[in-house]
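One structure, pasted below without further comment.
Along the sequence shown, the residues carry numbers beginning at 1.
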Amino acid sequence: MARRCSRATSRFTENIEIHLSELLISTGLLCLCLFLPSTAEAGLYTASDQILVLTPEDVDSILINSTAAIVVEFYASWCGHCIAFSPIYKSLARDIKEWKPAVDLAAIDCAVEENRKICIDFGIRGYPTIKFFHAYSTSDSTGQAFKGFPREVRGLRQNVIDRLEAHEEHWPPACPPLEPTSQAEIDSFFETNNVEHLALIFEDSDSYVGREVTLDLLQYDNVAVRRVLRSEEGLVAKLGVTEFPSCYLYYPGGNFTRLQVQNEARTFYSYALQRLPGVLRSGMPRPVTSDLHTNNTEEPWRTFNRSRVYMADLESVLHYSLRVELAAHPIIKGEALSALKRYVSVLTKVTGHI
């Protein structure tokens, strides 16, 4: 009898251990299902990266007959080259986010089973592949491949502009003109355009600064940007331009003044122009001024004193150093990290006295 009880107890204990093991396995699988990303989220990009994540459900609606030009990266999430390139593509998305809705960036993971047919249909044979889709692309379009594309933001940005300018027809409606302007257009500009500020960027023919700044200001009202080449001798002489690139603000009646920036570069131009009086992001309400007393006292234009440091100069330096130069380094360590700490320490002391 004792032996039977012992055997029964042993079997009962074994059954409990088996059920406990099954329960632990089931619980572990449930946790994995809860905490592991879904197939749509397991790729290298998310919507927070300012990149459209394409799926079989929306690829046609995004790429076909779109009012914007679309740049698409076809990649495989297991591909080492794609993984190495992903931080660059994310940086590009942040860099040109102001170019929407004229240009948008997208990506699709060809390693996902349901996406494979899409990648095959678009003729993808290697990863990563970048293709450009013009605005109003048709259903039979497979895009234009970026062959041997650069692995850095500046080169990619310029490639996007080259493709954008190659539109033979169906120019993106939200995209301003990127071609060089002429003196005849400038002389009659304010007769047909209702903006307060006209920024003229004088540059050489191989410069991209003017086109980049034009797109950077795409989402802003009350300001327009035009590109003027060095060869436009009439305008160059009229404004006394001697440096290329340089930016001048032009107003009705032929009045003009040079835009003062710390560095004659795209980032500084865009930053300064976006903060001109009366310039607001599209859709933003204008400040209410009905309860404010307007000062009608006219102040004479004060000449720029190069021996002084202006607040705008300090803001430009801080913006460029922290948002451009610092952002260009994916990893900061060693002596570079020590230098950054010292720089921040100095900024803290200086700004504390302003």
*asked:* Does either side chain, that of Thr55 or that of Asp58, offer a donor lying less than 3.5 Å from an acceptor on the other one?
replied: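 There is such a pair between these side chains.
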
_Members sharing Leu52's hydrophobic cluster (side chains within less than 4.5 Å)_ =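 Reading the cluster by chain and number, Leu52 sits alongside Leu54, Val59, Ile62, Leu63, Ile70, Val72, Phe74, Trp78, Ile108, Ile118, Phe122, Ile124, Tyr127, Phe133.
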
*By side chain to side chain contact (heavy atoms under 4.5 Å, CB included) - contacts of Ile83 (at least two apart)*: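 Leu44.
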
Return a table of donor-acceptor pairs under 3.5 angstrom between the side chains of residues 145-156 and protein atoms on other chains or two or more places apart.
{"from": "Arg151", "atom 1": "NH1", "to": "Phe149", "atom 2": "O", "distance (Å)": "3.0"}
{"from": "Glu152", "atom 1": "OE1", "to": "Arg154", "atom 2": "N", "distance (Å)": "3.0"}
{"from": "Glu152", "atom 1": "OE1", "to": "Gly155", "atom 2": "N", "distance (Å)": "3.1"}
{"from": "Glu152", "atom 1": "OE2", "to": "Gly155", "atom 2": "N", "distance (Å)": "3.0"}

*May I ask you to check whether Phe132 and His134 place their ring centres under 6.0 Å from each other?*
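Yes.
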
_What I'd like to find out is whether the side chain of Gln274 reaches to under 4.5 Å of the side chain of Leu217, using heavy atoms alone._
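Yes, side chains in contact.
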
*Can we call the ring centroids of Tyr45 and Tyr89 under 6.0 Å apart?*
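Yes, the ring centres sit under 6.0 Å apart.
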
_Least distance between heavy atoms, Glu264 atom then Arg258 atom_ =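 Minimum heavy-atom separation between Glu264 and Arg258: OE2-NH2, 3.1 Å.
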
*Within 45° cone of Tyr269 ring axis and under 6.0 Å: Arg266 NZ or CZ*: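 No, Arg266 does not sit over the ring of Tyr269.
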
*Heavy-atom side-chain proximity of Glu212 to Gln158 below 4.5 angstrom*: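 They are in contact (side-chain heavy atoms under 4.5 Å apart), so the answer is yes.
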
*Tyr250 and His197: aromatic ring centres closer than 6.0 Å?*
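No: the rings miss the under 6.0 Å criterion.
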
*Of all heavy-atom pairs between Leu218 and Ala102, which one has the smallest distance, and what is that distance?*
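Closest approach of Leu218 to Ala102: CD2-CB, 3.7 Å.
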
